[in-house]
Amino acid sequence: MKWTGKLAAIWLLALSMLLTSCKGESGGTPEAPVNGQANEQANEQAAGQAPATEGQPKLATIAAEGVLDNPVGMVSEYGLTSGLKDKGFIVEQKGRVVMLDLYDSSAKPQVVLDLRDRVYSDGNEQGLLGLAFHPKKPGVAFVNYTTKTHTVISRFVMKDPEHPEVLDPASEVILLTYEQPYANHKGGQLAFGPDGNLYIASGDGGSGGDPHGNGQNKQSLLGKILRIDVDQGSDGKSYSIPADNPFAGGGGAPEVYAYGLRNPWRFSFDSATGKLWAGDVGQSRLEEIDIIEKGGNYGWNVMEGDLCYKPEEGCDKTGLILPLYTYGRDLGVSIIGGFVYRGKALPDLDGWYVYADYAMGTIWGLKQHEDGRVENKVLLDTDELITSFGVDARGELYICAQNGSLLRLTKT
């Protein structure tokens, strides 16, 4: 990336950042990653010494700049509905979902759901933030959006069986809401896990430093990964609690699956192993990648990454799960979690977790080897303000950019 592009991105970050990494507090001193063997590779990156690797990908334009309105996510129905295999469903932050043919450059976006009458998107991190299609029921989708005061998780169904891709705005059934004290740190990701349950990313509620202590409060739905069963209701709700949720029997909010997270903007399941990967946006020093485990405590706000945060020294790390990988402010300021690549176009990337930094535009690949060793490498240095990743029914990876474009990773 050209320095002018980085400088512009940093200015945009300071003025109007989608994923505020330190709102409400002054920034700390940037620090390098602190992950042992992975740190050596990160230091090479910081020095600009990371060489291009064989089979290094490039970006192909699927939707040009301005075609989309601030896209923040892309999902697929994975071929569940006939004729939709090569379609991508793009989440626009202001409240629309549009469908795009990913393999026909002449096709124009089609609006499939318009919720702008109920979505509040005035804040930089508020709006329509997540979408997930039911893995076994065509024409049923779930969304994550904000009002001025709450996060809302809702279900929508098709408007016409002849057009299962078009969702009826009037069919909304609200499953879950929780109050948001500030305008930032909403999380927003939705995805069905291999177990058939719906997983929800929830930020700590915002401001800076988690002033309400939501991350470590097991009774709060903020600063968590939540898990619910959307196929059956119970106790007067339109969802139920999986019996093996960590606090299903008490001791915390029954919806909580994992806690101690700051702003897990994007998470994903590895389609081959079922592992749950999450990128958690840091406060002022470190961005982190976590492997999410049921009942796991990921440390915020006792820790930021694997460094003490509150208190700054000598914090009690007992029972806390450390990140798989971190990087410091010399490499970026706001992690965008991605996917473990399982497509066919880039065989050299098979099994690599592909992620990025919003402000710097760098795209990395990270691999956890069987012996536990973590390897990280630069895949691309771009001028894009990357807001999210997506994956299509073929397993190929896409990038949503804040300028309104959609890009696909392809071979050189």
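Residues: numbered from 1 along the sequence shown. Computed over heavy atoms, backbone and side chain alike; hydrogens, waters and symmetry mates excluded.
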Donor-acceptor under 3.5 Å ([X] side chain, [Y] main chain):
{"X": "Glu304", "Y": "Gln283", "value": "yes"}
{"X": "Ser388", "Y": "Val72", "value": "yes"}
{"X": "Lys224", "Y": "Asn217", "value": "yes"}
{"X": "Thr146", "Y": "Tyr120", "value": "yes"}
{"X": "Thr147", "Y": "His150", "value": "yes"}
{"X": "Tyr298", "Y": "Ile291", "value": "yes"}
{"X": "Asp290", "Y": "Ile292", "value": "no"}
{"X": "Asp357", "Y": "Val333", "value": "yes"}
{"X": "Asn301", "Y": "Gly209", "value": "yes"}
{"X": "Thr387", "Y": "Gln402", "value": "no"}

Measure the shortest side-chain to side-chain distance between [X] and [Y] over non-hydrogen atoms and say whether it is less than 4.5 angstrom.
{"X": "Leu226", "Y": "Leu221", "answer": "yes"}
{"X": "Met303", "Y": "Cys315", "answer": "yes"}
{"X": "Asp270", "Y": "Tyr353", "answer": "no"}
{"X": "Arg118", "Y": "Pro169", "answer": "yes"}
{"X": "Ser202", "Y": "His185", "answer": "no"}
{"X": "Tyr355", "Y": "Tyr325", "answer": "yes"}
{"X": "Val302", "Y": "Asp316", "answer": "no"}

Are the aromatic ring centres of [X] and [Y] under 6.0 angstrom apart?
{"X": "Trp364", "Y": "Tyr327", "value": "yes"}
{"X": "Trp277", "Y": "Phe267", "value": "no"}
{"X": "Phe192", "Y": "Phe269", "value": "no"}

Report task. Take Val111 and Val97 through the side-chain contact (heavy atoms from CB on, under 4.5 Å) test and state the conclusion after the steps. Result -> CA-CA 6 Å; Val111 177; Val97 176; over 6 Å; no
**Report entry** Contacts of type ring-ring contact (aromatic ring centres under 6.0 Å, His included), residue Tyr182, not counting sequence neighbours
**Finding:** His212
Query - Verdict with reasoning, Tyr257 to Lys294, per side-chain contact (heavy atoms from CB on, under 4.5 Å) - result: CA-CA 5 Å; Tyr257 182 79; Lys294 183 175 66 177; 3.5 Å; yes
Requested in this report: Begin with the C-alpha distance, continue with both residues' side-chain angles, and end with the deciding distance and a verdict on side-chain hydrogen bond (donor to acceptor under 3.5 Å, both in side chains) for Gln368 and Lys275.
Outcome: CA-CA 12 Å; Gln368 184 181 28; Lys275 277 187 179 181; 3.1 Å; yes
Query raised in the report: Would Ser171 and Asp168 count as a side-chain hydrogen bond (donor to acceptor under 3.5 Å, both in side chains) if you check the C-alpha gap in whole Å, the side-chain angles of each, and the deciding distance to 0.1 Å?
Result: CA-CA 5 Å; Ser171 69; Asp168 184 0; 4.9 Å; no
Quick one: pull up [atom1] in [X] and [atom2] in [Y] and give me the separation to the nearest 0.5 Å.
{"X": "Met74", "Y": "Leu406", "atom1": "CE", "atom2": "CG", "result": "6.5 Å"}
{"X": "Asp280", "Y": "Thr326", "atom1": "CG", "atom2": "OG1", "result": "12.0 Å"}
{"X": "Ser238", "Y": "Ile174", "atom1": "OG", "atom2": "CD1", "result": "9.5 Å"}
{"X": "Ile363", "Y": "Leu59", "atom1": "CD1", "atom2": "CG", "result": "5.0 Å"}
{"X": "Met360", "Y": "Arg329", "atom1": "CE", "atom2": "CZ", "result": "11.0 Å"}
{"X": "Leu397", "Y": "Leu379", "atom1": "CG", "atom2": "CG", "result": "10.0 Å"}

Query - Pair Lys137-Asp231, salt bridge (charged side-chain N to carboxylate O under 4.0 Å, His left out): steps then yes or no - result: CA-CA 10 Å; Lys137 297 178 180 179; Asp231 287 330; 3.5 Å; yes
Report task. Go through the structure and list residues passing salt bridge (charged side-chain N to carboxylate O under 4.0 Å, His left out) with Glu255, not counting sequence neighbours. Result -> Lys237
Query raised in the report: Can you name the residues that form a salt bridge (charged side-chain N to carboxylate O under 4.0 Å, His left out) with Arg96, not counting sequence neighbours?
Result: Glu92
Query - Working for side-chain contact (heavy atoms from CB on, under 4.5 Å), residues Gln93 and Val91 - result: CA-CA 6 Å; Gln93 190 176 6; Val91 178; over 6 Å; no
Report task. Could you tell me which residues satisfy side chain to side chain donor-acceptor pair (under 3.5 Å) with Asp392, sequence neighbours excluded, listed by chain and number? Result -> Tyr103, Tyr398
Do [Y] and [X] meet the salt-bridge criterion of a basic N to acidic O distance under 4.0 Å?
{"X": "Arg394", "Y": "Asp86", "value": "yes"}
{"X": "Lys186", "Y": "Glu125", "value": "no"}
{"X": "Asp210", "Y": "Arg262", "value": "no"}

Report task. Determine, stepwise, if the pair Val166 / Gln110 fulfils side-chain contact (heavy atoms from CB on, under 4.5 Å). Result -> CA-CA 9 Å; Val166 179; Gln110 174 189 350; 3.6 Å; yes
Query raised in the report: Taking only residues two or more places apart in sequence, or in another chain, which ones meet Asp195 in a side chain to side chain contact (heavy atoms under 4.5 Å, CB included)?
Result: Asn197, Tyr199, Arg227
Under 3.5 Å, side-chain donor or acceptor atoms of residues 151-161 against the rest of the protein: list the pairs with distances, not counting sequence neighbours.
| from | atom 1 | to | atom 2 | distance (Å) |
| --- | --- | --- | --- | --- |
| Thr151 | OG1 | Gln180 | NE2 | 2.8 |
| Ser154 | OG | Glu172 | OE2 | 2.6 |
| Asp160 | OD1 | Glu162 | N | 2.9 |

Query - Glu396 vs Tyr341, side-chain hydrogen bond (donor to acceptor under 3.5 Å, both in side chains): CA-CA, chis, key distance, verdict - result: CA-CA 7 Å; Glu396 301 307 328; Tyr341 182 76; 2.6 Å; yes
